[in-house]
4 protein chains.
Amino acid sequence: MTTSTNSGRAKPPAKEGTTGRRRAKGTPALASERRDHLVKLAAELFARKGFQATTVREIADEAGILSGSLYHHFDSKESIVDEILSNFFTELMAQNRAVIDEGGTPYEIIASLVRIAFNTLEPHRAAITVMQNDWNYLKGLERFEYLTKAEDEVEKMWITAIKEGQVTGTFREDIDPKLTYRMIRDTIWVAVRWFRPGGRLNAKGLSDHYLKVMFDGIVVH
Amino acid sequence: MTTSTNSGRAKPPAKEGTTGRRRAKGTPALASERRDHLVKLAAELFARKGFQATTVREIADEAGILSGSLYHHFDSKESIVDEILSNFFTELMAQNRAVIDEGGTPYEIIASLVRIAFNTLEPHRAAITVMQNDWNYLKGLERFEYLTKAEDEVEKMWITAIKEGQVTGTFREDIDPKLTYRMIRDTIWVAVRWFRPGGRLNAKGLSDHYLKVMFDGIVVH
Amino acid sequence: MTTSTNSGRAKPPAKEGTTGRRRAKGTPALASERRDHLVKLAAELFARKGFQATTVREIADEAGILSGSLYHHFDSKESIVDEILSNFFTELMAQNRAVIDEGGTPYEIIASLVRIAFNTLEPHRAAITVMQNDWNYLKGLERFEYLTKAEDEVEKMWITAIKEGQVTGTFREDIDPKLTYRMIRDTIWVAVRWFRPGGRLNAKGLSDHYLKVMFDGIVVH
Amino acid sequence: MTTSTNSGRAKPPAKEGTTGRRRAKGTPALASERRDHLVKLAAELFARKGFQATTVREIADEAGILSGSLYHHFDSKESIVDEILSNFFTELMAQNRAVIDEGGTPYEIIASLVRIAFNTLEPHRAAITVMQNDWNYLKGLERFEYLTKAEDEVEKMWITAIKEGQVTGTFREDIDPKLTYRMIRDTIWVAVRWFRPGGRLNAKGLSDHYLKVMFDGIVVH
DNA sequence: CATGAATGAGGGTTCATTCAT
DNA sequence: AATGAATGAACCCTCATTCAT
């Protein structure tokens, strides 16, 4: 895969002469509890207000420390969101690849991919929200190229499955695989905007409903 | 509808003894060509970089003037995006209401609403992009309450039509009207992210394809 | 006297290369009604909000024209306030000098000077308010040196009269003429802050009361 | 008294999810030396140039830091002047109330109030200057309502004492208590414009002179 | 006389980040 | 680990003034 793990611990010698000597002496505490906690707080804020609209001071406030102190844990605001997103993508891609590796009918594969996506909605709500809302901004940054690469990989999985389904006669011939993929993909992720765990529907209900509509349409046959 | 027309032409509360009779005699010149041009430039930038990430200096640069000069035409950055969005919503809502007023079978109504939406994708690409990407931020501002109100109105149109279709036996009983509406709505607007006029598909092709999938599903029956 | 009449019609070649060609072709309409009206409007605003806090746009708004159009009548915001203040000072100084020229006992002179001052409170309310509130700022500008000069002239009138009164035995020997003058002067002008024509007291009532206290004190003798 | 202590140390409404627990544990460090120093520098500038005419950049320059750095200590320019004024008013009102609480003849009370005021002239020169020159502007701001309230309280003290003095026969019946109070009040504060500590007169000399004139008048009896 | 568009300098403020302690 | 002070760049916006039409 391509999902980077450069979660900001060793800043890639970008920008100007950042010395990047932080965490150079053995770097053990990569995933200290404190750090994880901070990431979670930041994720909530990013999700609620957007990445750009959230200030490091707000994150620090939420944690009860001063903004400067955050830089003991992360070397930039970007590296926080990087950590959030790469955590999510690492897991998502692992599961997706597992489905592909396992094989199955196109119908089964598509259904699995959909279920996986809907199942991330709850545990990775914040990450997905950030991805949805701030994609436009983040994709412009070199550091987040792995987002695009992961997307491309998923697209290939889907299109391969759809096309195969058309060949085997499961799926209609008159739909455009790429177009269909995009529609479905967007519909799933965008649900994060209104999906509330604990509400009327859970992830399973959502994906069941969605698969029903997607496979059979809303018209009575 | 409630789409505001408070696009920032008349300066707000008018601090003190200002009698505020500016532009009171019929409010002409509202749409000077210059102004319209500036709105268009800003819309492009907002769409490309996001509302918050776009600076007034960039807008001014694009127009070949100084940033301060923008304030001869608008009283804030917000009022520019307001103008962009309210233009779009005014048109969209007018068309939607016309469909409802005209009547028809639920199937026809839903199809029309979908087509209208896809047809706005090209002429209002920038506005829709802003709506998609910056909604989260803008909805928090009092000034943009009309966005939420318009959304609610559209939701009612859809749900009414879907439910009626279920009653008349056109649509399946086992789908959730609200959930279905949201899925469809988001899928349409989110297409603005990858839809490029002049590309493989035009608005008609897109909506045809979408209606096909939505009504009949992707599985062969 | 020294009260300038350079009310901004011919800008003194200050600052940078201002060409100052305005009103060069005969300059008849020095005191057009339009111009006077504008000065009055500006005076009201300056008095209410302070000179610096009042924008030329507010003045223009009040007059129903655009801010740029003001520059047809005045060549700067300063020249407007200059006109306001010099009108006031010209009149005040003329009356003061008349009292001195006419002669009389020290007691009579002081009483007359006090009455003159209180009598300007109503017709020149705005000018006096500006003088009180914005003196600190205006006195720093070369253009308004005549304010200081006029003040000095008045001070001399007072101190001369007070000292003479002490010599003739009318006024107490144990008061400091300069100090006493300043106290009295300030007390009069500062009344503009709360004096409202049409209220409980008019100018005559005020000056009577003030002369009573000033001459005889508040303690029963 | 009502002198606010909202000197801008705790950031206002705390936009959103900020829990605002900043500085909650006893609010120490409120008066760091650095902060006090900055307030003093600002006060000098405000007094010299006026509040509005003083820029935050000038204050920062004076302190040898960048303008943005000021916002580490204060959250706005207004909160600086607030601190200046509330410091002054807190002290003034405490002293005034002590005089009232202690009691005494009307003559003694008035004399004490006058002396207190003149005595603040030197230590609070800057604050009083700001109060005199920028009152008109500041009183319009909600934040500074406490200024008006304090004024009202002092007015009551004076008027009560004057009226009582008239009843007991100490003060003349034919003076207007409110009017007299205002004259005296303004005369005292306005002295800040020309009073220079270290000059011919100190605060005691000033108040002695003033009490002499106020109580007994300038005419020989 | 007035408009409408623009200038240019500067205003208060924000914010990610740095760093000595 | 955290604080507290500061940086520096940028941000949105204001405003007196100019000028062609």
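Numbered from 1 within each chain, the chains take letters A, B, ... in sequence-line order.
- What you find for A/Val56 and A/Tyr71 is that their closest heavy atoms are CG1-OH, 3.9 Å.
- B/Phe46 is listed as a side-chain neighbour of B/Ile80, based on a closest heavy-atom distance under 4.5 Å.
- Atom CG in C/Asp75 sits roughly 8 Å away from atom P in F/dT17 (whole-Å rounding).
- Distance, C/Glu78 CD to F/dC15 C1': 14 Å, rounded to whole Å.
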Inset, instruction - Please test B/Leu141 against B/Tyr137 for side chain to side chain contact (heavy atoms under 4.5 Å, CB included), starting from the C-alpha separation and ending with a verdict. - result: CA-CA 8 Å; B/Leu141 309 176; B/Tyr137 173 74; 4.0 Å; yes

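- Nearest heavy atom pair, residue D/Asn136 against residue C/Gly50, reads ND2-N, 4.4 Å.
- Nearest nucleotide to the C/Val56 side chain, out of F/dC11, F/dT17, E/dG11: F/dT17.
- The pair A/Glu83-A/Arg35 counts as a salt bridge, with a side-chain nitrogen and a carboxylate oxygen less than 4.0 angstrom apart.
- Mapping A/Phe51 and D/Glu58 onto DNA chain E by nearest heavy atom places D/Glu58 closer to the 5' end of the strand.
- E/dT18 atom C1' lies 17 Å from atom NZ of A/Lys77, rounded to whole Å.
- A heavy atom lying under 4.0 Å from DNA chain F marks the following residues of residues 61-70 of chain B, by number: B/Ser67, B/Gly68.
- A 4.5 Å side-chain heavy-atom check between B/Leu38 and B/Ile59 finds every atom pair outside the cut-off.
- Between C/Leu38 and D/Thr55, the one whose closest nucleotide on DNA chain E sits nearer the 5' end is C/Leu38.
- The shortest heavy-atom contact between A/Ala126 and A/Glu44 is CB-OE2, 4.1 Å.
- Remark: A/Lys77 qualifies as a cation-pi partner of A/Phe51 under the 6.0 Å distance and 45° angle criteria applied to the six-membered ring.
- The interatomic distance linking D/Phe74 (CZ) with F/dA5 (C1') rounds to 13 Å, in whole Å.
- Contact between the side-chain N/O atoms of C/Tyr71 and the OP1/OP2 oxygens of F/dT18 is not found at any separation under 4.0 Å.
- Atom OH of A/Tyr137 and atom C1' of E/dA16 are 11 Å apart (whole Å).
- Remark: C/His73 is in phosphate contact with E/dA2, judged by side-chain N or O atoms under 4.0 Å from OP1 or OP2.
- If you check every strand for non-hydrogen atoms under 4.0 Å, B/Arg34 touches sugar and phosphate atoms only.
- The distance between atom CG of D/Asp36 and atom P of F/dA5, rounded to the nearest whole Å, is 12 Å.
- In this structure, the CZ atom of A/Arg57 is 13 Å from the C1' atom of F/dA5, given to the nearest Å.
- Between D/Arg143 and D/Ser76 the shortest side-chain heavy-atom distance falls below 4.5 Å.
- Remark: B/His72 is not in phosphate contact with E/dA6, judged by side-chain N or O atoms under 4.0 Å from OP1 or OP2.
- Both key distances under 3.5 Å define a Watson-Crick or G-U pair, and stretches of 3 or more such consecutive pairs in DNA chain F run E:2-21 with F:2-21.
- Straight-line distance from the CD atom of C/Gln52 to the P atom of E/dG12: 12 Å, rounded to whole Å.
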Inset, instruction - Run the numbers on C/Thr55 and C/Glu58 for side chain to side chain contact (heavy atoms under 4.5 Å, CB included), then give the verdict. - result: CA-CA 5 Å; C/Thr55 71; C/Glu58 284 165 335; 3.3 Å; yes

